[in-house]
Amino acid sequence: MKNFLTSLLTLWNQLGLNQRVSLIVATVAVIGGMVAVTFWARRPDYQLLYARLGDKDSAAIISHLQTQGVKYQVTSGGSAVQVPSDQVHKLRMELAGKGLPGGDGVGFEIFDKGQFGLSDFVQRTNYLRAIQGELARTIGQVQGVRAARVMIVQPENRLLLTDTGVRPTASVFVDVGGGRLELDQVNAIRHLVANSVQGLVADQVAVVDNRGRVLSEELRQDPTLGSASSQMRYRQQVEDYLARKVESMLGLVIGPGQAVVRVSAEIETEAMTQVQERYDPDGQVIRSQTITEDVSNTAETRTSGGATGVSANVPEKVAPEQAAARPVSTSEQNRKNRTTAYEINRTTTNVTRNPGSIRNVTASVLIAPRLVPPPAGAPEGTAPTEQRRTPEELNTLRQVVVNALGLKPVAGQPLDAIVTLQEMPFAAEPVAQTVETIQQETRIQGWIEVAARWAAVAGAAIVLLIFLRLLSRQKPEPVPVEVFAMPPELAARSLQSGQVLTADMINQLVRQKPANVGTALRDWVGTPASKN
């Protein structure tokens, strides 16, 4: 250790002023770099605690962290808070117990404090505010939504309803930044709000983004398909559903991404009501039958002559023998009446057809050729070859598509007329190459992250190596040999003025800097004599 310190001291004495300053600066730079790297490596690993916070929630969370003495970082303009990764879950549970973050607006916590003496109007208003706040918080959790506000309009509660056709409506404002929500997400927001308010339907919910675009206009239901936009939207939905149905099935057979299906559907857009009444005279049925039967008997007695006048009309007693001798006429009459009512068989058909039925469907299918892997003895990196399918295989796939779409070809109609299936190579990259590219990009990203961590260490090491390299190239300063012929006074002045030394000072120089004197002697011996 003593020899090492002596060598360092000797090396320090051999250096000039500029070299000493450079060495000091380089040493300070290296030590500072190492200290910075050490502090950077020992700093805590911060992880996101909450993001997309409002000013009120952000201030409350930061106040809680300061009270607990937890280190934190505020990013994204104050809307995101980061804490050490080992305390994220603990702090989230603590903040959840305090009701943080509460989100923009008020929720049902408005009813946590009892308030007496409030009118019914104020209670209903608070309830409406609570629903709006809870819905806004829920919608804010949807991916792509930075903030949301919900406005609900409910009809006034009256004892005597004057207009029963008034329905509740709602408007939703979403802040999506520079992005855009998918139709499925917009539809989910509409149904979320509609199912949270009594009597509200999804078509009465309007969704508007921060760019002023009405996102819910394309999702309004039109059962009658009265407008051209609703007809085109319904047709697109039907075609997309059928195309996805066939593509998902073919993807399991020939591989994902190896088939492209496009379906064209003809939609019935007219509503029709048909009433048909048909009679069948052969199918008679007795409805009612009435039978009436009359029987009448008549007896008449006749005499042969007699007096006329009053005496003839006055009854007189006749002896029984005489009465029996008179002629008697008897008549009997029978009558039957039958009334039968028949009901004719009648069939009444009432058919109502709403628009939206599918009249005709055609499909076009493109499939990629089969890829055959290289043989076992092929060199590494050999690309697979394409192999065409036989006509029988293509016809089988075509029949599968026809059955999947539920098509029923007319007798004598070829399948090519309704489903066109062609095999041709795709211009897109194969799936294997795409996956390999993604994996390679992931590996490169990992390497970049590792390199970023050790960049400071590598920089400090490079600076140290450069300094040592420059130091090794420095040579001791030569001492002129003319010092042997100068008196001591001149040597002292020459030492101060930067000129040669005297012979009396050479012994002291040899003792202090033997390397410099040796170098000077070697230079003097190796220098050729000058010609006078």
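Values below: every heavy atom of this structure, side chains too, minus hydrogens, waters and symmetry copies.
With salt bridges taken as basic N to acidic carboxylate O contacts below 4.0 Å, one links Arg137 and Glu134.
Side-chain contact between Asp203 and Arg190: present, with at least one pair of heavy atoms (C-beta onward) separated by less than 4.5 Å. Using a 4.5 Å cut-off on side-chain heavy atoms (C-beta onward), Val365 and Leu250 make contact. Side-chain contact between Ile139 and Val193 is present, with heavy atoms from C-beta onward closer than 4.5 Å. Under the 4.5 Å side-chain criterion, counting only non-hydrogen atoms from C-beta, Arg124 is not in contact with Gln154. Between Ser264 and Glu239, the closest side-chain pair of non-hydrogen atoms falls below 4.5 Å. Side chains of Ile267 and Ile358 form a contact here, defined as non-hydrogen atoms less than 4.5 Å apart. The shortest side-chain heavy-atom distance between Val361 and Ile418 does not fall under the 4.5 Å cut-off. Considering only heavy atoms from C-beta on, Arg92 comes within 4.5 Å of Leu49 through its side chain.
For Ala136 against Val150, the heavy-atom pair with the smallest separation is N-CG2, 3.8 Å. Shown here for Val207 and Ser216, the closest heavy-atom pair between the two residues is N-OG, 3.1 Å. Of all non-hydrogen atoms in Ala404 and Met249, the two that sit nearest each other are CB-CE, 3.7 Å. The two residues Arg388 and Pro425 have their closest heavy-atom pair at NH2-CD, 3.7 Å. Taking every heavy atom of both residues into account, Ala417 and Thr362 meet most closely at O-CG2, 4.5 Å. Counting all heavy atoms, side chain and backbone alike, Tyr50 lies closest to Leu95 at CE1-CD1, 3.6 Å.
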Step by step, work out the side chain to side chain contact (heavy atoms under 4.5 Å, CB included) result for His64 and Glu94.
CA-CA 9 Å; His64 176 76; Glu94 292 180 358; 3.4 Å; yes
Please evaluate residues Thr75 and Gln82 with respect to the criterion side chain to side chain contact (heavy atoms under 4.5 Å, CB included), reporting the C-alpha separation (whole Å), side-chain torsions for both, the decisive distance (0.1 Å), and the verdict.
CA-CA 8 Å; Thr75 58; Gln82 295 182 348; 4.2 Å; yes
Leu215 and Leu183: side chain to side chain contact (heavy atoms under 4.5 Å, CB included), yes or no, with the steps?
CA-CA 8 Å; Leu215 306 179; Leu183 292 180; over 6 Å; no
Could you go step by step and tell me if Leu181 and Val174 meet the side chain to side chain contact (heavy atoms under 4.5 Å, CB included) rule?
CA-CA 10 Å; Leu181 293 180; Val174 291; 4.2 Å; yes
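Gln132 places a side-chain N or O within 3.5 Å of a backbone atom of Ile152 that can act as its donor or acceptor partner. Judged by distance alone, the side chain of Asn195 and the main-chain N or O of His191 form a donor-acceptor pair under 3.5 Å. No side-chain donor-acceptor contact under 3.5 Å links Lys71 to the backbone of Pro84. Between the side chain of Arg235 and the backbone N or O of Glu266, no donor-acceptor pair lies under 3.5 Å. Between the side chain of Ser63 and the main chain of Ala59, no donor-acceptor pair closer than 3.5 Å is present. In this structure a side-chain-to-backbone donor-acceptor pair under 3.5 Å is missing from Arg278 to Thr347. Without hydrogens or angle criteria, Tyr72 side chain to Val81 main chain gives no donor-acceptor distance under 3.5 Å. In this structure, the side chain of Arg346 does not engage the main chain of Glu277 through any donor-acceptor pair within 3.5 Å. Judged purely by atom type and a 3.5 angstrom limit, Gln185 uses its side chain to pair as donor or acceptor with the backbone of Gln143. Ser171 places no side-chain N or O within donor-acceptor distance of the main-chain N or O of Met151, the cut-off being under 3.5 Å.
Atom CZ of Arg398 is surrounded by more than 12 heavy atoms from other residues, nucleotides or ligands within 6.0 Å. In the displayed structure, Arg213 atom CZ is contacted under 6.0 Å by more than 12 heavy atoms of other residues, nucleotides or ligands. Residue-environment remark: CZ (Arg338) stays at or below the threshold of 12 foreign heavy atoms within 6.0 Å. Residue Gln198 qualifies as open at atom CD: its count of foreign heavy atoms under 6.0 Å is 12 or below. Within a 6.0 Å sphere centred on CD of Gln66, other residues, nucleotides and ligands contribute more than 12 heavy atoms. In Gln237, the CD atom is crowded: over 12 heavy atoms of neighbouring residues, nucleotides or ligands sit closer than 6.0 Å.
To the nearest 0.5 Å, atoms CD (Gln387) and CZ (Arg370) are separated by 5.0 Å. Expressed to the nearest 0.5 Å, how far CD of Glu386 lies from CG of Leu371 amounts to 6.0 Å. To the nearest 0.5 Å, atoms CG (Leu415) and OG1 (Thr420) are separated by 10.5 Å.
Each of Met424, Gln422, Arg389, Glu393 was checked for a side chain to side chain contact (heavy atoms under 4.5 Å, CB included) with Ile367, and the lone residue meeting it is Arg389.
Between the side chains of Asn395 and Gln399, no donor-acceptor pair of N or O atoms lies under 3.5 Å.
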